[in-house]
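Written out below as structure tokens is the structure these notes cover.
We use all heavy atoms of the structure for the numbers below, so side chains are in, but hydrogens, waters and symmetry mates are not. All chains are named by letter (A, B, ...) in the order of the sequence lines, taking the proteins before the strands, and each is independently numbered beginning at 1.
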Amino acid sequence: MRRIMSVLALTGAFSVLALAENFSGKLLDSSCYDAQKKTTGCDASSATTSFAIDVSGKVYKLDSNGNSKAMAALKNRADRADPTKQQSKEVMANVNGTEKSGTLTVESIDVQ
Amino acid sequence: MDSRILLRAAILLGVFVAACVAPVTSKEPLLREREPLAGKYLDQRLALWQDRLNLQDWKISIIQSHPSGLRAGTLGNIHWDADRQTAVIRVLDASDYHMPMNAALKDMEFTVVHELIHLELSSLTKNFKSRSEESYSGEEQAVNRMADALLKLDRPAR
């Protein structure tokens, strides 16, 4: 019985892991995107609380856990700007998670 | 006979003087040699600056990144985890600097010191829920000035 339970647990764990995908793209302010219905001018910033990610033109929202992780990732980072160049406001990110109805259940997020 | 000896001595002296006053030209490393050389140098300098800034409790690593791995218009960045006291500093790869190696190393060290100062200051803002762009911009300017001052003290004008 214990063996069967272990096998079932492992199968469940592997099936969840197998579904997780990597989503790479531009991090957006989800509230801005909802209001404007376009990605231009909706780059995520340190003031953003709800996030979305633009993956090659398809926009996915992050779940609440993903929003917390994205906020922390943006807060705990800093750049050194090149004084000879204009610094981009775009925030690129890699999100690992599962997608359902346009929302990503985030397992991890890496912000550039 | 005496004049020959004198002539030889004069030539030797001339060669010696020429060697002494000639500018020292250090051989530039090949492009593929720049990244490993810079890696060694930066690891040494990181240990020194961590010690000077009293950040020894942090586990900090340095990664050289090509421009595609950095935010556009930047020369480096730092990501930290305050709970685990870990941080990763990314600096522009030595092979992407279009300048002599020595100048590139100086600028890469500036990035390291710059990012360590950001880390030093992070404790002051960790409870902030959000920050304005002006606040970040002000911090960036202050961090640049501090890094510049520290490195000037470290590199006295010759």
Against chain A, label [X] side chain, backbone, both or neither, depending on which of its atoms sit under 4.5 Å from a heavy atom there.
X: L70(B); answer: backbone
X: H118(B); answer: side chain
X: T125(B); answer: backbone
X: S68(B); answer: backbone
X: T111(B); answer: both
X: D81(B); answer: neither

Does [X] reach the main-chain N or O of [Y] with its side chain, forming a donor-acceptor pair under 3.5 Å?
X: Q86(A); Y: G73(B); answer: no
X: H79(B); Y: V111(A); answer: yes
X: H114(B); Y: A81(A); answer: no

With the 4.5 Å side-chain cut-off for hydrophobic clustering, are [X] and [Y] part of the same group?
X: Y60(A); Y: L28(A); result: no
X: L92(B); Y: V88(B); result: no
X: Y33(A); Y: I109(A); result: no
X: M92(A); Y: L74(A); result: no
X: V113(B); Y: L124(B); result: yes

(request) For the residue pair Q87(A) and T74(B), establish whether any side-chain heavy-atom pair is separated by less than 4.5 Å. (result) yes
(message) Would you say that D107(B) contacts R80(A) through its side chain, given a criterion of any heavy-atom pair below 4.5 Å between the two side chains?
(response) yes
(message) Check this for me: does any side-chain nitrogen of one of D82(A) and R71(B) sit under 4.0 Å from a carboxylate oxygen of the other?
(response) no
(request) Could you tell me which non-hydrogen atom of Y136(B) sits nearest to which non-hydrogen atom of S46(A), and how far apart they are? (result) CE1-OG, 3.1 Å
